[in-house]
Enquirer: 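Below is a structure I'd like to ask you about.
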Amino acid sequence: MLFRSSAVPHHFWYALNHRRQWRAILETADAIGISSEAWLVEWSQRAPNAAKKFFLLPSPATIPVANVSATHAVDWRREQNLPENSRVLAYFGTLGANKQFDWVLVAWEAAQTPTRPVALVIAGGEARVAVPEHLRALLRSPGYLAADAVSCLLHAADVLALPFIDGVSERRTSFMAGLSHGCAVVTTLGHNTGPTLRTADFFASCDATDRAAFVEHVKLLLADDAALQRLRAAAKRAYAERYDWPRAIASLERVLDRKST
């Protein structure tokens, strides 16, 4: 993993040391798995002498997919004291500025309709969120959850909102968890997004600087049952075919086999 330098002093120290370690890896390693296609492209150009060592190794989901019943979505809403007819907009991860969580709040409010409330559930961070009075009953912020509880949330969610400031990539495990659970994911494209994800059709996306487009994607998806179902099926299929742990292991085995012959 490479750390980009920043104005935070200790980040600069990390960046210097990681770059020193990276130079040593480039010189001595036989094969180098890179978790982001954008980084793979970048470093193939920046270090052409080592490019033949590089291969894409995405980060699979770290949240196991729990077995749930056919009525799980309704049952989960009851357990959370949410209206049974509510849509669920989920957010999974920390709440730092680089996740653009304020976009999620705007999208949540914009998606409300008189006949279909939209709940917002935040998992993975301690969130003290100031929300309008009329939305407070629809906010759930349980903080850090056990893996099975996160899985239950993702199974029940209608849309998973992940507006990364630097764009989605194959190393984003919250994104991978959404795909593995068959979530309809709305995310962003930025400098860390590689060419494959830029043209993918198994999630909804917009530019990482376009908040209005992100809000519109969330709003339209939450109102469209058919679109939700198509995106869910596409997400689950794409994860199984491209990113699941057996795929990662097979990729490693192919590289190791080539190096041993």
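Just the heavy atoms: all of them, side chains too, but no hydrogens, waters or symmetry mates, feed the values below. It should be emphasised that the depicted structure is a prediction, and the values quoted were computed from it without experimental measurement.
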Enquirer: Tell me, please, which residues at least two apart from Tyr239 pass ring pair (Phe, Tyr, Trp, His ring centres under 6.0 Å).
Expert: none
Enquirer: With rounding to the nearest 0.5 angstrom, report the CD1 to OG distance, Ile63 to Ser180.
Expert: 8.5 Å
Enquirer: Just to verify, what does Trp103 make a ring pair (Phe, Tyr, Trp, His ring centres under 6.0 Å) with, not counting sequence neighbours?
Expert: Phe214
Enquirer: Distance-only, no hydrogens or angles: does the Lys99 side chain make a donor-acceptor pair with backbone N or O of Gly93 under 3.5 Å?
Expert: no
Enquirer: Check whether any side-chain heavy atom of Val218 lies under 4.5 Å from a side-chain heavy atom of Leu222, and answer yes or no.
Expert: yes
Enquirer: Using the test ring pair (Phe, Tyr, Trp, His ring centres under 6.0 Å), find all partners of Phe54 that sit at least two apart in sequence or belong to another chain.
Expert: none
Enquirer: Apply the side-chain contact (heavy atoms from CB on, under 4.5 Å) test between Val186 and each candidate in Val159, Leu231, Leu89; give the one that qualifies.
Expert: Val159
Enquirer: Going from CG on Leu256 to CD1 on Ile249, what distance comes out if it is rounded to the nearest 0.5 angstrom?
Expert: 12.0 Å
Enquirer: With a 6.0 Å cut-off on ring centres, are Phe175 and Phe203 close enough?
Expert: yes
Enquirer: Quick one, Arg237 with Phe202, criterion side chain to side chain contact (heavy atoms under 4.5 Å, CB included). Give me CA distance, side-chain angles, the key distance, then yes/no.
Expert: CA-CA 9 Å; Arg237 183 170 58 251; Phe202 49 88; over 6 Å; no
Enquirer: In terms of heavy-atom contacts, does NZ of Lys219 have more than 12 from other residues, nucleotides or ligands at under 6.0 Å?
Expert: no
Enquirer: List for me each residue that meets ring pair (Phe, Tyr, Trp, His ring centres under 6.0 Å) alongside His217, sequence neighbours excluded, and say none if there are none.
Expert: none
Enquirer: Is the backbone of Leu105 close enough, under 3.5 Å, to the side chain of Glu109 for a donor and an acceptor to pair up by distance?
Expert: no
Enquirer: With no hydrogens and no angle check, is any side-chain donor or acceptor of Arg247 less than 3.5 Å from a backbone partner on Glu241?
Expert: yes
Enquirer: Kindly say whether Leu40 contributes a backbone atom to a donor-acceptor pair with the side chain of Ser44 at under 3.5 angstrom?
Expert: yes
Enquirer: Do Ser205 and Val168 come within less than 4.5 Å of each other through their side chains, counting heavy atoms only?
Expert: no
Enquirer: Is the number of heavy atoms from other residues, nucleotides or ligands under 6.0 Å of Asn67 CG greater than 12?
Expert: no
Enquirer: Ignoring hydrogens and angles, tell me if any N or O in the side chain of Glu37 forms a donor-acceptor pair with the backbone of Ser169 under 3.5 Å.
Expert: no
Enquirer: Is Val106 reachable from Trp108 through a run of hydrophobic residues whose side-chain heavy atoms are each under 4.5 Å from the next?
Expert: no
Enquirer: Could you give the distance from CG (Leu221) to CD (Glu216), rounded to the nearest 0.5 Å?
Expert: 10.5 Å
Enquirer: To the nearest 0.5 Å, tell me how far Tyr91 OH sits from Ile122 CD1.
Expert: 8.5 Å
Enquirer: Does Asp257 come within less than 4.0 Å of Arg254, counting only side-chain N to carboxylate O?
Expert: no
Enquirer: Hey, any chance Val185 and Val65 share a hydrophobic cluster, counting ILVMFWY side chains that come within less than 4.5 Å of each other, even indirectly?
Expert: no
Enquirer: Is any side-chain heavy atom of Leu154 closer than 4.5 Å to a side-chain heavy atom of Leu160?
Expert: yes
Enquirer: If I take atom CG from residue Asp75 and atom NE2 from residue His155, how far apart are they, to the nearest 0.5 angstrom?
Expert: 13.0 Å
Enquirer: State which residues pass side-chain contact (heavy atoms from CB on, under 4.5 Å) with Val121; sequence neighbours excluded, sorted by chain then number.
Expert: Trp76, Val88, Arg140, Pro142, Leu153
Enquirer: With a distance cut-off below 6.0 Å to the six-membered ring centre and an angular limit of 45° from the axis, does Arg19 pair with Trp22 as a cation-pi contact?
Expert: no
Enquirer: Do Ser86 and Val118 have side chains that get closer than 4.5 Å, going by heavy atoms?
Expert: no
Enquirer: Hey, does Arg171 have a side-chain heavy atom less than 4.5 Å from the side chain of Met176?
Expert: no
Enquirer: Tell me, which pairs form a salt bridge (Lys or Arg N to Asp or Glu O under 4.0 Å) where one or both residues lie in residues 154-167, sequence neighbours left out?
Expert: Arg77-Asp158, Arg87-Asp158, Asp158-Arg232, Asp166-Arg172
Enquirer: With a 4.5 Å cut-off on side-chain heavy-atom distances among I, L, V, M, F, W and Y, is there a chain of contacts connecting Val150 to Val68?
Expert: no
Enquirer: Within this structure, what is the CG-OG1 distance for the pair Asn85 and Thr115, rounded to the nearest 0.5 Å?
Expert: 8.0 Å
